[in-house]
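The shown structure was predicted, so the numbers you read here are calculated from the model rather than taken from an experiment.
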Amino acid sequence: MKKLVLLTSTFLFVFALSACGGSDAVKFGVIGPLTGEYSQYGLAVENGAKLAAAEINADGGVLGKDLEIVAYDSKGDPAEGVQAYNRLVDQDEIDALIGGTFSGVTLAVKELAVQDGLPVLTPTATNPDVTLNADNVFRACYTDSYQGSVAAVFAAENLNSTKAAILFNRDDAYSEGLATAFAAEYDARSLAYDEFEFGKDDDDYSALLTNIKDGGYDVVFLPAYIAEVGKVLTQAKSLGLAVPFVGGDGWDGIEADYADVAEGFYFANHYAKTDEATVVQDFVTNYEAEFGEAPNALAALAYDAVYAMAAAMEEAGSTDSADVVAALQTLDYQNAVTGSISFDANGDPIKAVTIIKVVDGEHVVETKVDAS
Amino acid sequence: MELFINQLINGLNTGSIYALIAVGYTMVYGIIRLINFAHGEIMMFGAYFAFIFAFMMPFELPFIAVIVITMIFAALMGMLIERIAYKRLRTAPRISALITAIGMSLFLQNLAYLIFGATPWVMKPLISTEPIIIGNFSIARLTVLTIGLSIFFMVLLTLFVRKTKPGKAMRAVSQDKEAAVLMGINVNRIISLTFALGSALGALAGVFYAMQYTNVESTLGVLPGLKAFVAAVFGGIGNITGAMLGGYLIGIIETFVKAYISSKWVDAIVFGLLILTLLFKPSGLLGKNEKEKV
Amino acid sequence: MMKKFEFKNLKTNSVFINLAAVSIIFLLIFVLIVTGLLSRYISSILILILVMIIMSTSLNIATGFLGQLHLGHAAFMGIGAYTASLLAILLRDSIGSDVVLFITSTVGAMILAGLAGLLIGWPALRLKGDYLGIMTLGFGEIVKTIITNMKGITNGAQGLYGIPKIMNFPTAFWTTVIVVLTIFLFMNSRHGRAILSIREDEIASESVGINISRYKLLGFVLASMFAAVGGSIFAFNIGFIAPQQFNFLRSVEIFVIVVLGGMGSLTGSIIASIVLVSLPELLREFSSYRYLLYSSLLVIMMLFRPQGLMGTREFSFTRIFKPKLVPTNDEEEPDEKGSDS
């Protein structure tokens with residue numbers, strides 16, 4: 001009995017202790033896949049955010065206080081992302097959220113954020129529904145409706161495609177959203193296409209790829225993350241499927257492990273690290289110096305997002321959620337690495353899409369489509 | 001027609017992997033009536049071993065050497081697991097042994113996670129990626145290797161079990177352990193041998209899996225392990241030929257469901273098959289009906 | 001001291017004392033929460049512990065008391081979570097009170113889960129031991145697949161969002177108390193004893209006239225219905241659910257709690273739930289080692305102490321008041337004389 005009392009009170013005591021906290025810094029939360037098969041995305045976002053924070057702090061911080069980045073792991077899974085969000089809000093008491101990284105996670109977190117009224121600026125979630133009916137949710141990137149249609153236009157006009165195979169992940173909101181947008185553009189142009197769906201637990205795509213090979217398509221649109229894209233391309237190559245593949249911004253970084261199977265293929269992206277603009281080159285140089293590798297688009301977007309949020313907070317003059325949200329709505333942040341950030345009524349910025357071709361394991365800019 | 005044959009080849013490819021794993025399950029169950037949940041993790045470690053021996057050695061090893069060394073390491077690992085966790089529970093209630101196996105499975109998964117890291121290791125090609133052209137058909141070189149080597153090793157195993165003395169001893173122990181002891185068979189050694197052989201084949205499956213699907217991670221063995229287990233039950237648990245047959249059948253069924261229906265029903269169909277088998281013909285396709293003793 | 005507790009029925013006595021103790025614990029925690037000493041994050045963890053208590057005590061009915069190996073329990077948690085969530089989303093505008101919404105949705109969830117429990121109970125009648133366990137595993141996977149594929153209703157693997165977050169600590173706490181109390185009273189009834197006898201010796205109990213099929217089905221149905229309650233609380237706590245939260249790994253987690261606590265001990269399940277949920281939270285820095293710890297604990301337990309922490313014993317607060325007298329539980333100290341006065 002005594003043991004039980006002792007045990008219980010110890011537990012409660014330790015719990016209570018861990019609830020103590022609260023500091024004098026401004027805190028931005030970051031949610032992304034920090035471990036597991038998608039970790040390159042989450043780590044890029046975390047690093048980009050931290051680089052921005054370090055620079056901002058060197059420059060005096062936000063509202064005179066230090067800017068702290070608190071990052072939790074979503075593993076790319078919406079359920080984990082929700083837990084990460086709850087910890088950030090309940091335990092760390094963040095002032096704003098730079099996240100989630102994945103559309104699927106952000107959609108799950110969005111409802112909770114709307115209830116909390118927390119200012120949310122996702123750097124990389126491109127699914128259109130993320131900012132829908134959510135006054136306090138903004139994004140720093142373009143939407144999939146735009147990205148998908150640009151990819152479709154590229155396939156139709158630059159690759160002269162008339163019959164596409166759309167191969168997507170039905171368990172992922174990002175993949176599905178992009179596939180839908182691509183299909184819609186093909187519909188508008190009266191071009192033929194067929195949809196092939198796989199699930200997140202699938203490793204073996206040979207059945208689908210064999211069907212695709214048999215179907216006589218001239219382009220395969222594969223809007224998925226590298227973990228899946230790499231497997232698909234490897235199997236496609238060994239099956240002898242010799243058709244150009246087009247991907248979305250999830251492909252960024254594919255040259256690290258899958259350069260040979262991705263050779264000659266295209267994907268849509270947010271920026272090119274070879275862009276000559278000063279702000280881009282400064283960012284690339286500083287990022288490389290700090291983290292030892294070139295930044296991908298997600299790092300650039302996270303960097304921009306943190307700067308944008310900080311700017312909004314300065315404008316608002318406080319960390320109060322309602323004030324910050326109001327400031328975000330009228331924000332016009334010009335000096336971004338990925339292009340200027342200012343939001344339309346939905347919370348979406350107007351950004352350009354860069355189509356990149358993988359050549360000899362390097363990114364080569366194929367074309368850039370400005371927003372219209 | 002050509003499409004059908006291509007899909008059939010895909011099915012045989014997947015089936016080879018399931019068959020290799022299923023054989024391991026069935027041998028262990030036949031000999032100590034244990035469902036070795038940790039078998040999928042041997043497959044996973046096999047994949048990691050292959051990666052290590054192929055890419056992380058200071059010298060370059062030929063492909064065959066990589067496979068053989070991997071299989072040997074896996075065999076040792078299997079024997080070790082049996083000695084540490086399962087030996088003591090041979091007379092314990094079945095529930096205890098099963099729980100221990102589940103625990104072992106989780107333990108190995110997390111051990112791999114801690115040792116090898118959370119980020120998957122990406123396997124580079126170990127053999128040429130150029131497809132083989134036969135008339136109208138182009139087949140991936142890896143597919144030919146997978147199917148061919150799998151059949152080779154399984155035939156080898158069958159010959160071993162049927163013709164050699166240790167093989168006969170294995171069959172004896174699985175039929176009647178007490179009688180085998182009376183015949184002078186060293187049961188402990190035979191059980192170790194069973195685990196060794198099963199693990200070696202399981203690891204080979206892991207190597208093929210890694211080569212085909214490139215990502216090597218700690219959870220690699222979970223789903224294939226479960227499906228291979230279904231295959232073993234379906235083919236007749238305790239029966240090696242049954243396991244092979246079950247493996248190929250499940251592989252083909254899975255591929256055709258993916259090709260003609262959708263991958264989202266694969267799991268339900270495979271596990272549904274399991275339940276139907278357990279309810280209506282628990283001895284599987286090739287098993288014998290055993291009357292339950294009261 | 002003895003005269004104060006002179007009730008006719010010791011059992012009723014014991015129940016009241018335990019309820020009183022439980023109420024005190026509740027007040028303690030509740031005060032801490034209301035005054036803000038325990039953050040929202042902590043109370044969320046406490047609710048998670050309560051969910052696990054429900055899950056493990058309900059699994060104990062099928063596995064601990066009935067003796068059937070059940071590896072698909074998380075599926076019923078999932079059925080409960082999804083049913084309750086969908087009902088709540090549907091009825092949210094028609095029902096004003098949060099508590100009423102919770103109760104209505106949960107009852108609906110229990111009904112559906114109970115029916116599913118019948119579905120799994122029926123094949124369970126024909127299988128034993130390992131095969132039964134594998135069958136339940138397969139059943140769990142099939143349920144998860146069906147939930148994932150009903151994408152129009154459940155949103156599939158992308159998860160169901162927008163679930164009203166109507167859960168709070170008092171609701172979760174008292175629901176858990178009701179569930180555990182119900183299970184306890186049931187197991188101490190004639191029906192409970194019938195179930196225990198099936199575990200001990202199926203053939204003997206059949207010859208004594210116990211309807212095996214009926215009680216096996218009952219066991220599975222009850223376990224499933226209570227699992228639905230756990231799923232319901234889980235869903236309303238976070239506001240978002242996805243099929244992968246109710247997979248085989250989750251079933252194993254619950255199973256581990258039951259085994260470590262002692263198959264057949266409700267107290268054991270409660271203690272194990274508290275320890276196994278809170279420990280990883282406290283040791284967040286070592287979270288990668290947590291599953292390693294879990295699983296090695298499991299293996300070690302099975303090798304050296306397969307009966308778990310509590311075996312089949314229970315703990316009752318009446319021990320504080322009557323340390324040397326009446327056994328607080330049917331199963332131990334049979335040689336001590338009972339004293340009701």
Is the gap between the ring centers of A/Phe196 and A/Tyr205 under 6.0 Å?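 No.
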Under a 4.5 Å cutoff for heavy-atom pairs, which residue among [options] has the most contacts with chain A?
options	result
B/Pro131, B/Pro125, B/Ser128, B/Ser138	B/Ser138
B/Asn6, B/Val257, B/Leu3, B/Thr255	B/Leu3
B/Ile139, B/Thr143, B/Val122	B/Val122
B/Arg141, B/Gln7, B/Glu2	B/Gln7

Heavy-atom cut-off 4.5 Å, strictly under: side chain, backbone, both or neither for [X] against chain A?
X	answer
B/Thr14	side chain
B/Leu142	neither
B/Tyr209	side chain

Separation between [atom1] of [X] and [atom2] of [Y], rounded to the nearest 0.5 Å:
X	Y	atom1	atom2	value
B/Asn13	B/Leu8	CG	CG	11.5 Å
B/Phe234	B/Leu276	CZ	CG	9.5 Å
A/Tyr41	A/Ser39	OH	OG	10.0 Å

Could you check which of [options] has the highest count of heavy-atom pairs closer than 4.5 Å to chain B?
options	value
A/Leu239, A/Thr234, A/Asp202	A/Asp202
A/Asp204, A/Asp257, A/Leu208	A/Asp204
A/Thr35, A/Asp203, A/Asp201	A/Asp203

Between A/Lys273 and A/Glu255, is there a salt bridge with N-O shorter than 4.0 Å?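 Answer for the salt bridge query: yes.
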Students often mix this up, so state it plainly: with edges at 30° and 60°, are the rings of B/Phe51 and B/Trp121 parallel, tilted or perpendicular?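 B/Phe51 vs B/Trp121 ring planes: tilted.
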More than 12 heavy atoms of other residues, nucleotides or ligands under 6.0 Å from CZ of A/Phe265: is that the case?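 Count over threshold, so yes.
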Which answer fits A/Glu37, side chain, backbone, both or neither, if we ask what part of it has an atom under 4.5 Å from a heavy atom of chain B?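 Contact with chain B: backbone and side chain both.
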